[in-house]
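First the structure, in the form of structure tokens, and then the observations on it.
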Amino acid sequence: MSENENKSGLFKKVSPNSKSTKRLKKIFSFLLVAYIIAIVLLYTKNKYAHFSDNILEKIGSGIETNLTIEKTIRIKELSVDKYKKYLINHDYESAYNMLTDEYKKYCDYEKYTAYAQAIDWSKLEVEDINAKNDYCYVAHVIFEEDEPIRTRYLLFVNKYAPENFFISPDDYVYSYRDQEFKKDDILLHIDECVISINDVKLNGYIENISWFSDITINEVNIGLGDSMEVNNELKSTIKKGEKLPLSIEYAIKSDFFIPDNVSIKKEDGDKTVEYSFYFKENK
């Protein structure tokens with residue numbers, strides 16, 4: 001092939017300033033930026049994502065089941081052992097970062113640090129770990145003090161990054177804070193409703209906002225939907241404009257009862273009227 005033939009249209013060199021080259025550069029730049037964004041999003045998802053924001057879904061309704069020895073050891077190393085090491089080394093910030101979002105809302109960093117400094121973490125041992133579901137485990141923990149102190153830690157694994165665990169210590173499950181409801185002549189204010197694995201503590205008050213009459217309360221109960229309820233009798237008359245303080249501890253017969261409402265039973269002549277107030281999610 002002659003030199004002149006090489007200069008035919010089929011073998012023309014593409015100028016770096018041609019339109020097609022510029023177009024290719026733009027496409028390449030766009031793909032590169034898209035790739036970088038995808039990597040950043042994937043990293044963020046792996047680091048922070050939980051498999052659900054709903055505590056009922058995170059824990060599930062199944063019973064605790066046994067794990068193999070190998071899996072128990074592996075989960076223990078990635079969760080409680082890692083957490084314990086941070087605390088023994090007084091790395092409270094790293095330990096706090098391992099806690100669930102729910103626990104952090106309940107216990108701020110300053111309060112947590114004061115709590116953590118008062119404990120000899122070298123005495124913490126894990127007796128057993130059971131599965132609640134594929135992403136939630138229950139660690140049975142013991143502190144070997146003068147008398148053994150037993151508690152449970154909820155361990156949540158990040159399904160997108162299975163080596164990352166989040167911990168909810170000391171039987172803590174969830175809490176609702178600063179909730180207020182009004183209906184008819186009743187105002188219910190809840191300072192805090194703290195849900196643990198086997199009990200629920202509710203603090204707040206009921207105010208009589210009637211303009212005319214006293215009200216008589218018979219019960220203040222907690223429930224899950226319309227079908228499950230734990231009762232607490234509280235026979236008390238509240239004069240108009242006055243408040244009845246509430247400090248109730250509900251003993252739960254089975255573990256992991258997570259209420260979503262408070263109901264109040266009030267006398268109304270010769271009958272009883274029931275009001276149900278559903279918790280609002282914490283902001």
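Just so you know, residue 1 is the first one in the sequence shown, and it goes up from there.
Summarising the geometry, atom CG belonging to Asp185 is positioned 6.0 Å from atom OG belonging to Ser213; distances are rounded to the nearest 0.5 Å. Atom CG of residue Asp101 and atom NZ of residue Lys105 lie 6.5 Å apart, to the nearest 0.5 angstrom. Rounded to the nearest 0.5 angstrom, Ile209 CD1 and Leu187 CG are separated by 5.5 Å. Atom CD1 of Ile217 sits about 10.5 Å away from atom CD of Glu219, to the nearest 0.5 Å. Taking CD1 from Ile197 and CG from Asp171, the interatomic distance works out to 4.5 Å, rounded to the nearest 0.5 Å. Taken from CG in Asn231 to CD in Glu229, the straight-line distance is 5.0 Å, to the nearest 0.5 Å.
A heavy-atom distance below 4.5 Å is not found between the side chains of Thr100 and Leu154. Between Ser276 and Tyr278 the shortest side-chain heavy-atom distance falls below 4.5 Å. Between Val262 and Ile190, some side-chain heavy-atom pair lies under the 4.5 Å cut-off. Looking at heavy atoms from C-beta onward, Ile129 lies in side-chain contact with Leu67 at the 4.5 angstrom threshold. Residues Leu202 and Leu246 meet the side-chain proximity criterion, which asks for heavy atoms closer than 4.5 Å. Inter-residue side-chain proximity for Leu99 and Pro169 is flagged as met; some heavy-atom pair is nearer than 4.5 Å. With contacts defined as side-chain heavy-atom distances shorter than 4.5 Å, the pair Val173/Ile258 qualifies. Phe156 has its side chain out of reach of Glu102: every pair of non-hydrogen atoms, C-beta onward, lies at least 4.5 Å apart.
The ring of Phe143 has its center closer than 6.0 angstrom to the ring center of Trp121. Checked against the 6.0 Å centroid criterion, the rings of Tyr112 and Tyr109 do not qualify as a close aromatic pair. Here Tyr176 and Tyr174 bring their ring centres to under 6.0 angstrom of each other.
Taking all atoms of both residues into account, the shortest heavy-atom contact from Tyr275 to Lys266 is OH-NZ, 3.4 Å. For Gly204 against Asp191, the heavy-atom pair with the smallest separation is CA-OD2, 3.6 Å. Counting all heavy atoms, side chain and backbone alike, Tyr83 lies closest to Ala95 at CE1-O, 3.6 Å. Of all heavy-atom pairs spanning Ser79 and Leu155, the tightest one is OG-CD1, 3.5 Å. Of all heavy-atom pairs spanning Ser175 and Val194, the tightest one is CB-CA, 4.0 Å. Here the shortest heavy-atom pairing between Cys107 and Tyr96 reads O-OH, 2.8 Å.
Hydrophobic clustering (ILVMFWY, side-chain heavy atoms < 4.5 Å, transitive): Ile73 and Leu78 are in distinct clusters. Tracing side-chain contacts under 4.5 Å through hydrophobic residues (I, L, V, M, F, W, Y), one never reaches Ile88 starting from Ile142; they form parts of separate clusters.
Side chains of Glu274 and Ser263: a donor on one and an acceptor on the other come within 3.5 Å. No side-chain donor-acceptor contact under 3.5 Å links Tyr250 and Asn232. In this structure, a donor-acceptor pair under 3.5 Å is present between the side chains of Glu64 and His140. Residues Asp170 and Tyr115 have side chains that bring a donor and an acceptor to within less than 3.5 angstrom of each other.
Cation-pi check for Lys280 over Phe181 is met; the charged atom lies under 6.0 angstrom from the ring centroid and within 45 degrees of its normal. Under the 6.0 Å distance and 45° angle rule, Lys182 does not count as a cation-pi partner of Phe277. In this structure, Lys58 is not positioned above the aromatic face of Tyr135 in the sense of NZ or CZ being under 6.0 Å from the six-membered ring centre and within 45° of the axis.
Heavy-atom neighbours of Gln117 CD from other residues, nucleotides or ligands within 6.0 Å: above the threshold of 12. Crowding of Ile63 atom CD1: a count of heavy atoms from other residues, nucleotides or ligands under 6.0 Å not exceeding 12. Taking a 6.0 Å sphere around CG of Asp226, one finds it holds 12 or fewer heavy atoms contributed by other residues, nucleotides or ligands.
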Tabulate below the donor-acceptor pairs under 3.5 Å that side-chain atoms of residues 233-243 make, not counting sequence neighbours, or state none.
| from | atom 1 | to | atom 2 | distance (Å) |
| --- | --- | --- | --- | --- |
| Lys235 | NZ | Asn218 | OD1 | 3.2 |
| Lys235 | NZ | Glu267 | OE2 | 2.3 |
| Thr237 | OG1 | Thr216 | OG1 | 3.1 |

Check step by step if side chain to side chain contact (heavy atoms under 4.5 Å, CB included) holds for Glu125 and Val141. CA-CA 6 Å; Glu125 299 296 336; Val141 173; over 6 Å; no
Verdict with supporting geometry, Phe257 and Ile222, side chain to side chain contact (heavy atoms under 4.5 Å, CB included): CA-CA 10 Å; Phe257 178 77; Ile222 53 173; 4.1 Å; yes
Walk me through whether Asn203 and Ser247 qualify under side chain to side chain donor-acceptor pair (under 3.5 Å). CA-CA 5 Å; Asn203 293 292; Ser247 183; 3.1 Å; yes
Between Arg74 and Glu163, does a side chain to side chain contact (heavy atoms under 4.5 Å, CB included) hold up when you go through it step by step? CA-CA 9 Å; Arg74 181 61 174 160; Glu163 293 195 351; 3.0 Å; yes
For Ile75 and Val80, what are the C-alpha separation, side-chain angles and deciding distance, and is it a side chain to side chain contact (heavy atoms under 4.5 Å, CB included)? CA-CA 8 Å; Ile75 292 172; Val80 182; over 6 Å; no
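The backbone N or O of Gly60 sits less than 3.5 Å from a side-chain atom of Lys132, completing a donor-acceptor pair. Side-chain N or O atoms of Glu207 include none that pairs as donor or acceptor with a backbone N or O of Leu244 at under 3.5 Å. The backbone N or O of Leu124 sits less than 3.5 Å from a side-chain atom of Lys84, completing a donor-acceptor pair. In terms of modelled atom types and a separation under 3.5 Å, the side chain of Asn261 and the main chain of Gly223 share a donor-acceptor contact. One N or O on the side chain of Asn133 and one on the backbone of Cys136 form a donor-acceptor pair closer than 3.5 Å. Remark: side-chain polar atoms of Lys201 are not paired, donor with acceptor, to backbone N or O of Cys193 under 3.5 angstrom. Of the possible polar contacts, one joining the Tyr137 side chain to the Asp134 backbone as a donor-acceptor pair under 3.5 Å is found. Under the 3.5 Å distance criterion, the side-chain polar atoms of Asp184 are left unmatched by any main-chain donor or acceptor of Ile186.
For the ring-ring contact (aromatic ring centres under 6.0 Å, His included) condition, the pairs that include at least one residue of residues 191-230, sequence neighbours left out, are His189-Tyr205.
In this structure, Asp255 pairs ionically with Arg152, as a charged nitrogen and a carboxylate oxygen lie closer than 4.0 Å.
Under the rule for a side-chain contact (heavy atoms from CB on, under 4.5 Å), the partners of Asn66 that lie at least two apart in sequence or sit in another chain are Asn130.
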